[in-house]
Amino acid sequence: GLAHEIGNPLGAVTGYAALARARPAAAADPALADALDRIDAAADRIDRTLRDLLDLARPAAVAPIPLALAGPLDAAVRLARIQPRCREVEVALLLPPGLPPVLGAEQPLVQLFLNLLLNAGDAMGGRGRVEVRARGDGDRVEVELRDGGPGIAPADLPRLFDPFFTTKPRGQGSGLGLAVCRRIATALGGELTAASPPGGGAAFTLRLRAAPATVGPWPSAAS
């Protein structure tokens with residue numbers, strides 16, 4: 001109900017901003033155009049926060065099916081690359097050929113991987129390298145995403161997936177992204193963990209159930 005009450009006026013804000021942008025005065029006045037850009041950015045941030053709240057409070061039912069991880073991972077990388085905080089982030093997919101499919105769901109996994117990539121971009125200040133590796137481990141498939149940022153403080157690790165916990169400055173993060181990621185992993189019968197390994201950076205490891213090989217294997221490594 002709260003999301004509905006916020007979402008309706010938010011739609012009006014973005015609609016009126018679009019009308020204002022269409023006026024000749026907006027094109028002729030750089031200060032006005034900049035103000036409209038800021039309105040759009042702020043509205044988008046509110047919308048994303050609302051969506052995260054809804055995902056956390058009322059997650060959609062998930063019916064895992066055999067799925068090759070190449071699809072959702074590639075989609076997440078493409079979406080991350082158009083975000084300002086990831087435009088100078090290199091994502092290297094260091095994946096073995098013949099990786100078995102998992103029991104998963106396309107869109108939830110896209111959301112999970114995208115959240116992790118955006119967090120990595122924030123941790124590295126919008127510039128650096130993220131490595132994604134995967135391997136089969138018996139009846140599980142393990143995917144590790146590791147960034148080149150400062151890592152995770154030991155005191156923060158136990159609370160990292162708690163809703164509303166964030167290490168970002170006030171006003172720059174809702175603390176919901178990782179909580180949503182863990183809920184997605186759990187709904188798919190898997191688990192998501194975090195570590196700050198030797199050598200720096202943060203490492204997030206997703207473990208999912210392996211599925212019978214009814215879909216094609218993961219292609220050879222690419223970047």
Side-chain angles (χ1 to χ4, degrees), residues 44-45 48 52 55 67-99 101-102 104-137 140-154 156-157 159-161 165-169 172-185 188 190-208 217-223:
D44 181 64
R45 181 178 165 196
R48 283 186 281 110
D52 284 345
D55 288 338
L67 178 74
L69 280 170
L73 186 58
D74 182 66
V77 171
R78 291 176 184 273
L79 288 170
R81 282 175 176 159
I82 64 175
Q83 300 283 337
R85 49 183 156 165
C86 282
R87 285 178 185 163
E88 295 185 59
V89 172
E90 175 193 1
V91 181
L93 306 182
L94 308 174
L95 311 172
L99 191 72
V102 300
E106 181 90 11
Q107 289 308 312
L109 284 174
V110 171
Q111 182 181 4
L112 187 155
F113 288 130
L114 177 60
N115 282 353
L116 294 181
L117 289 171
L118 294 179
N119 272 3
D122 286 340
M124 297 186 297
R127 179 178 299 176
R129 177 181 170 93
V130 176
E131 294 185 352
V132 181
R133 302 176 185 271
R135 67 184 185 93
D137 184 16
R140 296 271 163 170
V141 173
E142 183 176 287
V143 183
E144 182 191 73
L145 187 149
R146 182 168 178 173
D147 64 46
I152 306 166
D156 293 336
L157 276 171
R159 303 179 58 199
L160 200 62
F161 295 99
F165 175 77
T166 179
T167 59
K168 297 175 184 177
Q172 294 187 21
S174 64
L176 292 172
L178 289 179
V180 170
C181 286
R182 173 164 276 185
R183 175 158 289 191
I184 291 171
L188 294 174
E191 62 177 344
L192 178 66
T193 58
S196 195
F204 290 86
T205 302
L206 173 65
R207 296 177 183 86
L208 294 171
W218 202 309
S220 58
S223 62

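Reckoned from all heavy atoms, side chains included, excluding hydrogens, waters and symmetry mates.
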Salt bridge check: are Glu90 and Arg129 linked by an N-O gap of less than 4.0 Å?
yes

Distance in Å, Ile184 CD1 paired with Gln111 CD, rounded so as to fall on 0.5 Å steps
4.0 Å

Looking only at heavy atoms, which two atoms of Ala123 and Pro150 are closest? And how far apart?
O-CD, 3.3 Å

In Leu109, Leu112, Val102, the residue satisfying side-chain contact (heavy atoms from CB on, under 4.5 Å) with Leu188 is Leu109

So, Arg81 side chain and Val89 main chain: donor-acceptor pair closer than 3.5 Å or not?
no

Val132 and Phe113, any side-chain heavy atoms less than 4.5 Å apart
no

Nearest heavy-atom approach of Leu95 to Ala134 is CD2-N, 3.5 Å

If the threshold is 4.0 Å, N to carboxylate O, is there a salt bridge linking Glu191 and Arg207?
yes

All heavy atoms of Leu114 vs all of Ala80, minimum pair found to be CD1-N, 3.6 Å

Working to the nearest 0.5 angstrom, can you tell me the gap between Leu208 CG and Arg140 CZ?
7.5 Å

Taken to the nearest 0.5 Å, the spacing of Leu117 CG from Asp122 CG works out to 11.0 Å

Got a second to check how far Glu142's CD is from Thr205's OG1, nearest 0.5 Å?
5.5 Å

Quick one, Val141 with Leu206, criterion side chain to side chain contact (heavy atoms under 4.5 Å, CB included). Give me CA distance, side-chain angles, the key distance, then yes/no.
CA-CA 8 Å; Val141 173; Leu206 173 65; over 6 Å; no

Measure across Leu67 and Pro72 and return the closest heavy-atom pair with its distance rounded to 0.1 Å.
CD2-CG, 4.2 Å

CD-CG distance between Glu106 and Leu69, expressed to the nearest 0.5 angstrom:
9.5 Å

Which atoms form the tightest heavy-atom contact between Glu144 and Ala203, and what is the distance?
OE2-CB, 4.0 Å

Using 0.5 Å steps for rounding, measure from the CE atom of Met124 to the CG atom of Asn119.
11.0 Å

In terms of heavy-atom contacts, Ala194 and Leu160 come closest through CB-CD2, 3.6 Å

Between Arg182 (side chain only) and Leu192 (backbone N and O only), is there a donor and an acceptor less than 3.5 Å apart?
yes

